[in-house]
Amino acid sequence: MNQTERSAVLRERRRRVEAAWSGASFDGPVLIPASLPIPIDGTDQFHEFHAHPEFQYLSGVAEPGAALAWEPDSGWTLFAPSLSVEDLVWMSAPPSAEALAKETGVGCSVDRSELASWLESRRGQGMALLGSRDIEARASEYGLQAWSTLEAAVDEDATEWLGKALAGLRRAKDAVELQRMTHAVDAAVAGHLAAQRLARHGLTERALQIEMEAEFFRQGGARTAYGSIVGSGPNSAILHGTPGHRVMSDGELVLIDAGAEIDGYASDVTRTFPVSAEFTPIQRELYNVVLAAQQEAIAAAGPEVEYKSLHVQASATIAQGLIDIGLLTGSAEDLVASDAHALFFPHGLGHMLGLSTHDCGGYLEGRVPEDRFGLAYLRADLPLAPGYVVTIEPGVYFVPALLNDPARRERYAEMVNWDIADTMLDFGGIRIEDDVLITPEGCQVMSAALPKAATEIEAIRREALGSTTDRGHG
Ligand code: GLY
Ligand code: MN
């Protein structure tokens, strides 16, 4: 897609936003700052810049210190930052207002020095403030006087209403977004494959992370979408575990949950595989339970399907799998109703994916997360629709903190075979996660190029281990 086509999609995106916003009982100006870089204490450097997703969605760019404005009468204005001569000694020049006009399709793209007079002429008028609120505390870095002197009357109700309308529109991804997400997912797949080909006995989690992320970046990744999770052995049960210097060993599992970010869009993919060429019998059995839960959820995903029902079905499949191997007793339905499965599947089926890894809009208006062990971490509760991208990522884990918790042992005394559970406290965990685009007919697995059947994973691992003269022991 070339720049002209991209900016046409962005203009259409903003037209949809305008149409949604026209339903508000508010017709004042809307300001959407992009956000500013956050300084690192004790240095003259900054943390990696993350543009506010609302700004990035509406503009299609991620320019630090920029701002967008909208008014029903005058439409969109982009305030493009420019740097002083002194700053240009240290930093790259930002794109000009003209260049941003072409890229974003916002015809009225002006130097940010005009933001002060724009605000001045709206002094005292009710205004919605979306995007980053850092402008209130750091106005001077947007080229303004102190925010308080502007007497900007932020209408919080309007801000909330417009923000919710925007979050709703951001659920269905348009052509530009899907192109960026496809690129991000492809980079993730390449990185995961590189890691699966490299892993072996004696390697550290950190070494695997480095090579996987290098592949993300070679494929166009600007950075990782979130801190990569690489856990070996018992560490694979730490849901957001940071890769460390732990050395992996034959007989253990490795869980990698990692994605690349490209043009602001996240990918989020998880695979679990053996350090040796093959799963052990119990690893394979549990792996296939997770895989069945994941494949059933993908097969059922489609327009109008309630995401929560997919989670509940996956929970029942996992419960049944754990009954079959003797870890749980009772009926899957009763176990799910009492949240017993959550001892081993203590998170939700997944979440919306987009500009954020856990993208906005996961909960339909009026719905809230339930305060129940088996549902508290469900990040999405809404009927699916074409264009939504969600992750589907069930798992089974042996988390010592949960399984040794006296209150839970008492509550689930009769439902868990604790003798078996106690022998598996260092098993770790298994998660399988794909990025799934809902289509009018059903869904499309964007990360389908990354194999996940146990036999396919073993084939990759066999080839990887067989192709080295030194199996890396030691
Ligand atoms: N991949 C990390 C998460 O979904 O929380
Ligand atoms: Mn995820």
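Along the sequence shown, residues are numbered consecutively beginning with 1. All ligand and atom numbering here is 1-based and tracks the order in the structure.
- Under 2.8 Å from the Mn ion (ligand 2) lies an N/O/S atom of His351, whether from backbone or side chain.
- A salt bridge links Glu48 with Arg223; the closest basic N to acidic carboxylate O contact falls under 4.0 Å.
- Ligand 1 lies out of reach of His347, whose nearest heavy atom is not under 4.0 Å from it.
- For Glu433, the N, O or S atom with the smallest separation from the Mn ion (ligand 2) is OE2.
- Atoms of ligand 1 found under 4.0 Å from any heavy atom of His351, numbered from 1 in the order shown, are 4 (O).
- Considering backbone and side-chain N/O of Asp257, one or more are found under 3.5 Å from N/O of ligand 1.
- In Asp268, the N, O or S atom that comes nearest to the Mn ion (ligand 2) is OD2.
- The shortest side-chain heavy-atom distance between His358 and Met352 does not fall under the 4.5 Å cut-off.
- In this structure, Arg431 fails the cation-pi test against Phe345, since its NZ or CZ atom is not both closer than 6.0 Å to the six-membered ring centre and inside 45 degrees of the ring normal.
- Closest N/O/S atom of Glu393 to the Mn ion (ligand 2): OE2.
- Under 4.0 Å is where a charged nitrogen must lie from a carboxylate oxygen, and between Lys452 and Asp434 at least one such pair does.
- Within the structure, ligand 1 lacks Thr357 among the residues with a heavy atom less than 4.0 angstrom away.
- No more than 12 heavy atoms of other residues, nucleotides or ligands shown are found within 6.0 angstrom of CD1 on Ile38.
- Each of the atoms 2 (C), 3 (C), 5 (O) of ligand 1 lies under 4.0 Å from some heavy atom of His240.
- In this structure, Arg15 does not pair ionically with Glu18, as no charged nitrogen and carboxylate oxygen lie closer than 4.0 Å.
- Salt bridge status for Lys173 with Asp359: present, with a side-chain N to carboxylate O gap under 4.0 Å.
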Task: Residue pair Trp21, Trp161: steps toward the ring pair (Phe, Tyr, Trp, His ring centres under 6.0 Å) verdict - done: CA-CA 9 Å; Trp21 283 356; Trp161 196 97; 8.9 Å; no
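- Of all protein heavy atoms, the one closest to atom 3 (C) of ligand 1 is His358 NE2, 3.1 Å.
- Using a 4.0 Å cutoff on heavy atoms, Arg379 does not count as a contact of ligand 1.
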